[in-house]
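The next block holds one structure in the form of structure tokens; read it before the comments.
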Amino acid sequence: MPGIVGIISQRPSEQNHALAESMLKCLMHEPFYRDGKYINRQLGVWLGWVNHEGSFSDCLPIWNENKDICLLFSGEDFADQADVDALRTRGHQFGRDDASYLVHLYEEMSYGFLEKLNGWFSGVLLDLREQKVVLFNDRYGVNRIYYHEDSRGFYFASEAKALLKILPGTRQLDLRSLGEVLSCEAVLQDRTLFSGISLLPPGSSWVFSRGEPVKKKTYFKQEGWESQPQLSESCFYEKLKETWARVLPKYFLGKQSVGLSLTGGVDSRMILAWAPRLPGTLPCYTWNGKYRDCADVKIARHAAKLCRQPHNTILVGAEFLSQFHDLAEKAVYISDGTMDVTGSIDLYVQRLARQIAPVRLSGVCGGEILRRLVMFKPDPAREGVFDPDLESSFRDAAETYANELQGHRLSFTSFKQAPWYMASKFAIERSQVTCRTPYFDNDLVALAYQTPAKLLQNEPALRLIADGNPALGKIATDRGLASASIRGLNRWLHWYQEFTFKAEYAYDYGMPQWLAKIDHMFAPLRLEELFLGRHKVAHFRVWYRDELSCYLKEILLDPATLQRPYLNVNSLEKILKAHSSGQRNYTFEIHKILTLEFIQRKLIELN
């Protein structure tokens, strides 16, 4: 995945160069990556970076004209073009459509330049004039920086595996964090799965000077946004419309071509309705399953056609299943164990999306920002599956989650849910494409804090779509919502779509045990072909029962797996037998057990 690695040490060692090389190799997941290194023994730094060719940060290292300030930057900054042009008028020299202007912002604003940045990023700045090093990340903490500090120095990397590679003492799972991953699908707070490795807090600017302890500063406080007054409904919508029209074009810029990941919901359609692109110049694509065209595909295809943009369907079917082992293992590895094996689908579809366009623009996090949707909560596996000590940590996870949920709901979704829960998915996606979403634009998030309570639902988005493109506003979403419709028809369509959505969930991932027994009795009728594929492309309950059944037994009944201390072996064998026969539904438990095994093999044992 694109990112940075580094060692900062006041005790220079000849080994540091080799250690930095080893760390860098851990980030090289694909042959199309580009990498580089920078060493400054006087400052005591050994640094490396990885990026996608042609991306915003494909210009490293970035120097000012006097060669006394150096910047390594990973991610993107969506600056106002007027601010960038103003730097040129003041005599600064830098390239176009890349990150090279950022070092000049530091020249003019010192550490204050970080507050000016707008996007998901991390980086290292070296000021040779002041003999200082600054390690920083974005205000949300989405671009993760893992670190370990000991008497030999400070070690950091965009991926935990780089630290695990060179620091054997960190290759042990933290029980509290493991309980949170198994229960909440995320490690909460600024901890990680691994003992001795922590996460840089959001909005950090940590300053290292020779002979001094690190100064752990924070350049952004969310309280400033929280204290804004709530707007009236009419004022908020007009400001939302103005802000959207102003910020969206920035997300189409750059050297790389942009594709729109289009769904049947409102958030990606808002982008399409206001996209500053001529007909035929914005490729759109949507995931699909093998049973039928899902609602997302039908609606997205229609929407793209109305806007005269090309549309592609990416199929998740037999080819995906044939590659599942490698995809699942690599997804767990890339995400440092914080994304379970369902991340295999994200890895698969983003590889194909890259063939359409190297930049993926999507409506991800639109609901989380504009409607403050909480997307995860504690949901532990059934009792008896794991070791009692591990299962007791599930209760601790639920308590920690409940405490963190207190306070401003938008602060939870943007400053906690995004870096703790969503960042794992983003890490997998970013290994293949450059991910962009306008919904985390600083101006838009700041405005979202002023949303009146009555507008915390789909109405503003539907209205904005209709204002941008009236024809798009008339198309019902995958939940049967539209800005205008025949009286009564919209309500019936919404009810029908909700029913089919819940029916598909109940038949697949959420099938209760009593229904699994009945479904087993009618197996020859292949009822899955009636219920599945209307809304979802992933059908792991059926896949684990049928196509992946033998594979699961091979991996999970392996002698090494059966010796893991956190597993109840007797329960494991019963789970696999009951699920593969179709008599029970243990999809959730199998996700977790298989993920744990890959964590053990790829991250702890480093096989």
Inset, instruction - State whether the side chain of Thr218 and the backbone N or O of Phe220 hold a donor-acceptor pair below 3.5 Å, judged by distance alone. - result: no

Inset, instruction - Could you tell me whether the side chains of His29 and Glu159 share a donor-acceptor contact shorter than 3.5 Å? - result: yes

Legend entry - Distance-only side-chain donor-acceptor flag, His148 / Thr170, under 3.5 Å: no

Inset, instruction - Please confirm whether the backbone N or O of Ser362 pairs with a side-chain atom of Ser268, one donor and one acceptor, at under 3.5 Å? - result: no

Legend entry - Intermediate values then yes/no, ring pair (Phe, Tyr, Trp, His ring centres under 6.0 Å), Phe113 and His104: CA-CA 9 Å; Phe113 93 105; His104 305 289; over 10 Å; no

Legend entry - Arg372 side chain vs Ala448 backbone, donor-acceptor pair below 3.5 Å: yes

Legend entry - From CA spacing to verdict: side chain to side chain donor-acceptor pair (under 3.5 Å), Asn40, Tyr38: CA-CA 7 Å; Asn40 187 314; Tyr38 174 77; 3.1 Å; yes

Inset, instruction - Show the numbers, then the answer: is there a salt bridge (Lys or Arg N to Asp or Glu O under 4.0 Å) between Lys132 and Glu130? - result: CA-CA 5 Å; Lys132 291 182 179 180; Glu130 299 185 6; 3.7 Å; yes

Inset, instruction - Take Ser411 and Glu226 through the test side chain to side chain donor-acceptor pair (under 3.5 Å) and record every step on the way to the result. - result: CA-CA 8 Å; Ser411 292; Glu226 293 176 349; 2.4 Å; yes

Inset, instruction - May I ask you to decide whether Lys255 forms a salt bridge with Asp97, counting only side-chain N to carboxylate O separations under 4.0 Å? - result: no

Legend entry - Phe73 and Pro61, any side-chain heavy atoms less than 4.5 Å apart: no

Inset, instruction - Decide, yes or no, whether a salt bridge links Asp35 with Lys25 under the criterion of side-chain N to carboxylate O below 4.0 Å. - result: no

Inset, instruction - Classify the ring geometry between Trp225 and Tyr449 as parallel (under 30°), tilted (30 to 60°) or perpendicular (over 60°). - result: tilted

Inset, instruction - Could you tell me whether the side chains of Asp83 and Tyr101 share a donor-acceptor contact shorter than 3.5 Å? - result: no

Legend entry - Sidechain-backbone polar pair: Arg354 side chain, Gln432 backbone, donor-acceptor under 3.5 Å: yes

